[in-house]
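Let me begin by presenting the structure, written as structure tokens, before commenting on it.
Each chain gets a letter, A, B and so on, in the order its sequence line appears, and its residues count up from 1.
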There are 2 protein chains.
Amino acid sequence: MNRQEAEGRGRALGETVGDEIRRLLVEGELVPGQRLSESALGERLGVSRNTLREAFRSLAHEGLVTHRPNRGVFVTTPSLASIVDIYRVRRFIECQALREALPSHPALQRMREAVEQAGAGRERRDWQAVGSSNMAFHAAIVALADSPRLDAFFHQLSAELRLAFGMLSDLEWLHGPYVALNQRVLEAFESGDAERAAMLLEQYLSQSERTLLAAYARDNPAD
Amino acid sequence: MNRQEAEGRGRALGETVGDEIRRLLVEGELVPGQRLSESALGERLGVSRNTLREAFRSLAHEGLVTHRPNRGVFVTTPSLASIVDIYRVRRFIECQALREALPSHPALQRMREAVEQAGAGRERRDWQAVGSSNMAFHAAIVALADSPRLDAFFHQLSAELRLAFGMLSDLEWLHGPYVALNQRVLEAFESGDAERAAMLLEQYLSQSERTLLAAYARDNPAD
DNA sequence: CGAGTGTGATTGTTCAACAATAGCGCCGTC
DNA sequence: GACGGCGCTATTGTTGAACAATCACACTCG
């Protein structure tokens, strides 16, 4: 009911609802493990159950939400295994993208901007913004490979990762140290030494993974 | 992802319908460009429009089907650009998976079986089977990287690729020559020379891409 | 011959209903 | 008091009908 005031966009309500839920997820309004009741969420978003279920299908496909038949959909709880897997894939893709990239690739500009914004965010101690800029930096690295499908895949990975970040406190520790490392990767790449940039990036990712796993283990001792 | 977790007992009709449509797609019963009317397909599969729409969402997310708002869903018509992109990603992923793999990885057995089955299929001149075995071989290569997410990503790519294969006649030319090349890649890898195996694979993929593009251009002169 | 228009068909979305299932408390038995 | 079976209830799974919104197309009018 509150949705047909949808000004301008006017595109597929189902999609809009999906975006809305994504927003609630990254903003931490919906926390991992939480059950998403069809009637409750439908009421809250002002859409019918059927429309909501369509949106759920998309979200489930992206891994943000887990569908348990006859029991409902739950915000996906990232596991240690999934974090390990995501970082494995990131090393796999990002390092090679950097290695094979042309030094004059247009995405380089995006990398520069991301580093700059991450620096600005750190000044303001806005760790949420630092995290976003970090991901933008890595998305730009993937973009070096010039593949829409790879870009989409990475986009999905980063959404899952953001879910894991959302579970943790201590965002400063999680994002702060990496601004400088991004900078070094970028410098190495700009200097023409793609191989060295790739090695730095691999170190970077492994260290980031360890930090995240440690924070995860601390906040979720049960696991 | 926890696809397998809830595998055993729980099944949803929506999922089943999705699988059914996937089957119709790879079997060529539904051809690229064709419009999938909700009422017609719903009638044919014996499900309601709402259920069908849920299945469509999944298929659209996999790229097998394209959703045009207010106009319906259509079987995706692979473009030259998408074929090029898919092969770029395949080279990107498969070659590195091979390069980095442990020589004793369990997926090696799957590679052997796939080569064997492809050979048997060629004997019978069953090119459909040869194509499936080829894809199984390459899926096994990706499995060397030990990443569920990478496996899922490749699964999606191969479904899209199968769509392109389905548009073409001349399956013999498309699949026949590659049985021997698979064999050579496997032998190189088993002999411990992963680097050489990766290079062979790269050649393989580039040749396969050219063949596919040529056949595509021949069958779709308009494009 | 072209442009505006009306019409029909299809999609987008909601609603109400019912079947199927899982979780939970209750109860009786031992 | 512990345990296992039983039925209840809330929720999901699925359907069918209904209506609004939109598009494709033929049709009319200038």
Side-chain angles (χ1 to χ4, degrees), chain A residues 1-22 24 30-61 63-77, chain B residues 2-22 24 30-77:
Chain A
M1 207 165 34
N2 53 13
R3 200 115 294 358
Q4 81 277 66
E5 68 204 275
E7 60 297 349
R9 314 303 302 264
R11 289 291 173 261
L13 178 52
E15 305 286 345
T16 311
V17 171
D19 293 341
E20 185 76 3
I21 298 178
R22 260 175 281 259
L24 294 177
L30 302 173
V31 303
Q34 179 174 353
R35 176 160 154 275
L36 301 180
S37 149
E38 294 185 352
S39 22
L41 234 191
E43 180 103 7
R44 171 167 173 188
L45 300 178
V47 298
S48 78
R49 279 180 60 208
N50 284 317
T51 302
L52 190 60
R53 285 171 63 87
E54 281 191 29
F56 279 165
R57 278 298 210 276
S58 286
L59 294 166
H61 213 276
L64 296 179
V65 125
T66 303
H67 186 127
R68 262 116 104 187
N70 286 314
R71 285 196 276 159
V73 314
F74 300 73
V75 181
T76 300
T77 306
Chain B
N2 27 31
R3 270 270 172 287
Q4 272 80 7
E5 286 177 1
E7 190 81 353
R9 316 85 59 77
R11 67 232 153 119
L13 178 51
E15 305 287 344
T16 311
V17 171
D19 293 341
E20 186 74 5
I21 298 179
R22 260 175 280 260
L24 293 177
L30 302 173
V31 302
Q34 178 175 351
R35 176 160 152 276
L36 301 181
S37 150
E38 294 184 352
S39 23
L41 235 191
E43 180 101 8
R44 172 167 173 187
L45 300 178
V47 299
S48 78
R49 278 180 60 207
N50 284 318
T51 303
L52 190 60
R53 286 172 64 87
E54 280 189 31
F56 279 166
R57 277 298 213 276
S58 286
L59 295 166
H61 216 277
E62 296 169 24
L64 295 179
V65 124
T66 302
H67 185 113
R68 263 117 100 181
N70 286 314
R71 285 197 274 157
V73 313
F74 299 74
V75 180
T76 300
T77 306

Quiz prompt | Atom pair CG (B:D19) and CG (B:L24), whose distance is rounded to the nearest 0.5 Å | solution = 11.0 Å

Quiz prompt | Separation between CD1 of B:I21 and CG of B:L64, rounded to the nearest 0.5 Å | solution = 10.0 Å

Practice problem: Let me know the distance between CD of B:E15 and P of D:dT12, rounded to the nearest Å. | Solution: 16 Å

Where is the tightest heavy-atom contact between [X] and [Y], given as atom of each residue plus distance?
X: B:F56; Y: B:V65; value: O-CG1, 4.3 Å
X: B:R57; Y: A:E54; value: NH1-OE1, 2.8 Å
X: B:V75; Y: B:V31; value: CB-O, 3.4 Å
X: B:G18; Y: B:A55; value: N-CB, 3.9 Å
X: A:P32; Y: A:T76; value: CB-O, 3.5 Å
X: A:S58; Y: B:H61; value: O-NE2, 4.0 Å

Exercise. State, to the nearest 10°, the angle formed by the axis through the first five base pairs of the helix from C:dC1-D:dG30 to C:dC30-D:dG1 and the axis through its last five.
Key: 0°

Quiz item: Sequence neighbours excluded, which residues qualify as ring pair (Phe, Tyr, Trp, His ring centres under 6.0 Å) partners of B:H67?
Solution: none

Quiz item: Among residues 42-58 of chain B, which contact DNA chain C at a heavy-atom distance under 4.0 Å?
Solution: B:R49, B:N50, B:R53

Quiz item: Who are the salt bridge (charged side-chain N to carboxylate O under 4.0 Å, His left out) partners of A:R49, not counting sequence neighbours?
Solution: A:E38

Polar pairs (N or O, both sides) under 3.5 Å between protein and nucleotides 5-8 of chain C?
none

Quiz item: Considering residues, nucleotides and ligands other than B:E43, do more than 12 of their heavy atoms fall under 6.0 Å from its CD?
Solution: no

Kindly give the atom pairs (protein nitrogen or oxygen, nucleotide nitrogen or oxygen) under 3.5 Å for nucleotides 6-11 of chain D.
residue : atom : partner : partner atom : Å
D:dT11  : O3'  : A:R35   : NH2          : 2.5

Quiz item: Looking at side-chain heavy atoms only, is the closest gap between A:V47 and A:E20 below 4.5 Å?
Solution: no

